[in-house]
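Here is the structure we will look at.
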Amino acid sequence: GNGSSGRPKKYKLVFLGDLGVGKTSLITRFMYDFFTHNYQATIGIDFMSKTLYMPQRTIRLQLWDTAGQERFRALIPSYIRDSSVAVVVFDVTNPSSFHSVGRWIEDIRAERGNDVLVVVVGNKSDLADERQVSTSEAEEKAKQYGALFTEASAKSGRNVKALFKKIADALPDDT
Ligand code: GDP
Ligand code: MG
């Protein structure tokens, strides 16, 4: 490394998943502890950084938000190329978004093989009455693709910090 005075190691995380699953909301909850029902389309690709102070080390996470529209899928190879983590989000009330998880991961693996940590997130877990995807089937799919899995709610904040802690704990140290 750069010695004790070096800057924290930086890791790039890209957020993927269908439109409306809550990618921007999860990032906003983590960055600003804020949630809104007002829909805001992501314009192109944008990133934000946050430093995580952990007992053994300090790391800097660079969070890349993306739009889920088909027309942006062509851009994926270029921005996943130098990423450490791909966070694939689906909405637990939307089976079609869950069905897309496999396609997203196949795109990721096609570009990066096993060089990238893949984390599947079932978002909107606060909508218990509208749930259409069970925890166990989601867990099963994540396992099948060699990915970590967690459920979360950007709305309530449930499991959002835990998601980033899980990612940080799984990142290689490399020092
Ligand atoms: P994106 O297209 O994946 O970035 O999705 P957004 O973050 O823009 O969210 C799409 C819609 O779902 C917005 O109206 C959000 O307010 C709503 N939403 C996002 N996360 C949650 C959640 O955890 N629970 C609920 N109930 N709604 C959510
Ligand atoms: Mg968005």
Side-chain angles (χ1 to χ4, degrees), residues 11-50 61-109 111-112 116-139 141-142 145 147-168:
Y11 296 92
K12 178 173 165 183
L13 282 64
V14 296
F15 282 69
L16 302 168
D18 288 0
L19 184 65
V21 294
K23 300 178 295 295
T24 302
S25 298
L26 284 167
I27 292 171
T28 305
R29 169 61 76 190
F30 180 63
M31 291 292 300
Y32 309 113
D33 203 14
F34 174 78
F35 176 82
T36 175
H37 276 288
N38 296 327
Y39 184 78
Q40 276 198 311
T42 309
I43 298 162
I45 293 164
D46 197 9
F47 80 85
M48 280 166 256
S49 294
K50 184 158 174 151
L61 301 182
Q62 209 177 60
L63 312 182
W64 290 68
D65 196 4
T66 65
Q69 293 97 324
E70 282 299 319
R71 65 199 164 97
F72 287 102
R73 285 189 79 204
L75 293 177
I76 290 168
S78 63
Y79 67 91
I80 198 167
R81 198 158 291 148
D82 57 346
S83 64
S84 304
V85 184
V87 182
V88 180
V89 184
F90 72 96
D91 169 353
V92 298
T93 73
N94 178 344
S96 141
S97 75
F98 178 61
H99 192 73
S100 296
V101 164
R103 281 193 332 172
W104 289 108
I105 299 180
E106 279 155 24
D107 285 359
I108 295 160
R109 297 290 188 212
E111 188 63 26
R112 297 294 306 278
V116 63
L117 175 69
V118 179
V119 184
V120 174
V121 180
N123 188 41
K124 309 198 187 181
S125 66
D126 57 285
L127 299 174
D129 295 343
E130 296 164 47
R131 177 190 280 271
Q132 307 248 17
V133 180
S134 74
T135 304
S136 58
E137 66 183 313
E139 244 163 19
K141 183 175 301 205
Y145 282 101
L148 298 178
F149 171 71
T150 192
E151 286 186 342
S153 168
K155 183 175 180 179
S156 74
R158 176 181 166 255
N159 257 348
V160 175
K161 277 186 191 149
L163 161 66
F164 287 92
K165 177 160 191 315
K166 190 175 198 154
I167 290 169

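Every number for a ligand or one of its atoms is a count from 1 in the order of the listing.
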Which is closest to atom 20 (N) of ligand 1 by heavy-atom distance: L26, T28, N123? N123
Numbered in order shown, the ligand 1 atoms found under 4.0 Å of a heavy atom of V21 are 3 (O), 5 (O)
With a cut-off of 2.8 Å, does T24 put an N/O/S atom close enough to the Mg ion (ligand 2)? yes
Is there a heavy atom of F15 sitting under 4.0 angstrom from any atom of ligand 1? no
Going from OG on S97 to CH2 on W104, what distance comes out if it is rounded to the nearest 0.5 angstrom? 11.5 Å
Quick one: which of V88, D18, L19, I105 gives a side chain to side chain contact (heavy atoms under 4.5 Å, CB included) with S100? D18
G17: heavy atom below 4.0 Å from ligand 1, yes or no? no
A student checking ligand 1 against D126 at a 4.0 Å heavy-atom cut-off should list atoms 22 (C), 23 (O), 24 (N), 25 (C), 26 (N)
Residue T24 vicinity, atoms of ligand 1 by number, heavy atom under 4.0 Å: 4 (O), 7 (O)
N or O contact, S125 vs ligand 1, cut-off under 3.5 Å: no
So, taking the atom named CZ in F164 and the one named CD1 in I27, what distance separates them when rounded to the nearest 0.5 Å? 6.5 Å
Counting from 1, what ligand 1 atoms have a heavy atom of S25 closer than 4.0 Å? 6 (P), 7 (O), 9 (O), 15 (C), 19 (C), 20 (N)
Looking at NZ of K155 and NE2 of H37, how far apart are the two atoms once the value is rounded to the nearest 0.5 Å? 3.0 Å
Return yes or no for this condition: an N or O of A152 is under 3.5 Å from an N or O of ligand 1. no
Heavy-atom contacts with L127 under 4.0 Å: which atoms of ligand 1 show up? List them by number with element. 26 (N)
Any N/O of H37 closer than 3.5 Å to an N/O of ligand 1? yes
If a pair satisfies salt bridge (charged side-chain N to carboxylate O under 4.0 Å, His left out) and one of its residues is in residues 74-96, list it, with sequence neighbours excluded. K12-D82, R81-E111, D91-K124
Give the contacting part of T36 toward ligand 1: side chain, backbone, both or neither, where contact means a heavy-atom distance below 4.0 Å. backbone
From K141 NZ over to F149 CZ, what is the distance, rounded to the nearest 0.5 angstrom? 11.0 Å
Looking only at distances, can you tell me whether any N or O atom of A154, backbone or side chain, sits closer than 3.5 Å to an N or O atom of ligand 1? yes
With L148, the side chain to side chain contact (heavy atoms under 4.5 Å, CB included) member among V87, V119, L163, V85: V119
Non-neighbouring partners of D126 that pass side-chain hydrogen bond (donor to acceptor under 3.5 Å, both in side chains), sequence neighbours left out: S153
Side-chain donor/acceptor of S49 to backbone N/O of Q62, under 3.5 Å: no
